[in-house]
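Following: one structure in structure tokens, then a few remarks.
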There are 2 protein chains.
Amino acid sequence: MNRTEFRDAFFPDCPIRNVLSRVGDKWSMLVLFTLESNNCQRFKELQRNIPDISQKMLAATLKILEADGLVRREAYAEIPPRVEYSLSDKGKSLLPLIDNLLVWASSNMDDIIASRRRYLLK
Amino acid sequence: MNRTEFRDAFFPDCPIRNVLSRVGDKWSMLVLFTLESNNCQRFKELQRNIPDISQKMLAATLKILEADGLVRREAYAEIPPRVEYSLSDKGKSLLPLIDNLLVWASSNMDDIIASRRRYLLK
DNA sequence: CGGAATCCGACAGGATACTG
DNA sequence: CAGTATCCTGTCGGATTCCG
């Protein structure tokens with residue numbers, strides 16, 4: 001399951017594999033979510049809002065999200081250059097589903113962590 | 001963001017990072033989903049239903065999901081041994097959210113792939 | 001049958017330096 | 001400012017072997 005490939009090689013029609021190959025990496029969902037909280041942001045803003053992402057990974061992530069049509073990129077030929085990123089309609093349609101995951105996580109994380117603590121103590 | 005740690009080091013309360021650290025790996029969601037489609041399955045069955053997973057990764061994934069309280073493991077002291085895995089209540093509560101993601105993926109993957117093709121041609 | 005242990009390769013991703 | 005280019009490391013995950 002390679003992010004640069006179109007589909008999972010073994011199960012090209014498996015939605016789990018395909019969706020994970022898009023947003024299952026370390027940064028994609030975080031970038032999408034950051035864009036939603038304040039649609040239209042510049043490269044530097046995104047970096048500030050995700051302080052521990054490297055330039056390399058932010059650039060790479062945005063490139064893939066743009067290639068997949070989830071993020072729109074608008075470059076202005078100025079000096080110094082200005083580039084603005086925003087969610088596409090498709091990107092926006094994905095966010096509510098992520099939000100649901102987050103709601104679930106918020107109300108279950110403590111519980112999950114407690115489970116794991118108990119498990120490790122056994 | 002290490003799956004063996006409790007929380008993301010930088011942002012311990014960020015739900016995106018925490019949920020991704022649980023099910024954002026290559027196999028977790030697939031195992032959860034496979035368990036849902038036929039609750040209660042043995043190790044060998046799971047392997048058959050996910051043909052390209054290795055023993056090592058299936059065992060490791062199940063261990064983490066069990067530690068997080070998403071999957072229940074029941075071992076019977078027989079010879080040959082029998083072990084049955086099933087979704088816990090918490091695991092079941094997570095599945096509908098994944099389902100939503102999959103519905104989204106099903107109706108958008110072709111579009112996403114087309115986007116990427118266009119992008120690569122530029 | 002249901003694993004654990006070991007070895008190993010590939011690749012995601014970090015740090016740093018450089019550029020239009 | 002918004003990126004590339006390069007180098008380097010850690011981790012994920014595959015293949016194989018062994019065990020109760």
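Throughout, protein chains are lettered first and strands after them, A, B, ... in sequence-line order, and every chain is numbered starting at 1.
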Worksheet item: Would you say D:dG14 has OP1 or OP2 under 4.0 Å from some side-chain N or O of B:K26?
Response: yes
Practice prompt. Test the B:R82-B:Y76 pair against the cation-pi criterion, namely NZ or CZ under 6.0 angstrom from the six-membered ring centroid and within 45° of the ring axis.
Written response: yes
Discussion item. Output the rounded distance in Å from CZ (A:R42) to P (D:dC1).
Written reply: 8 Å
Worksheet item: What nucleotide among D:dG3, C:dG2, C:dG13 has an atom nearest to a side-chain atom of A:D25?
Response: C:dG13
Worksheet item: Quick one: B:R17 CZ to C:dG13 P, roughly how many Å, whole number?
Response: 12 Å
Practice prompt. Between D:dG3, D:dG14, C:dG13, spot the one nearest the side chain of A:V83, thanks.
Written response: D:dG3
Worksheet item: Quick one: do B:R7 and A:D110 make a salt bridge, cutoff under 4.0 Å?
Response: yes
Worksheet item: Does B:N18 use its side chain to pair, donor to acceptor, with the backbone of A:A105 at less than 3.5 Å?
Response: no
Worksheet item: Nearest to the side chain of B:M57 - D:dG14, D:dG3, C:dG14?
Response: D:dG14
Worksheet item: For A:K56 and C:dG13, is the shortest distance between a side-chain N/O and OP1 or OP2 below 4.0 Å?
Response: no
Discussion item. Between A:Y85 and D:dG3, is there a contact of a side-chain N or O with OP1 or OP2 at under 4.0 Å?
Written reply: yes
Item to complete: Have a look at B:Y76 and say if it touches a base, only the backbone sugar-phosphate, or nothing, with a 4.0 Å heavy-atom cut-off.
Response: nothing
Worksheet item: Does a nitrogen or oxygen in the side chain of B:R73 sit under 4.0 Å from OP1 or OP2 of C:dG3?
Response: yes
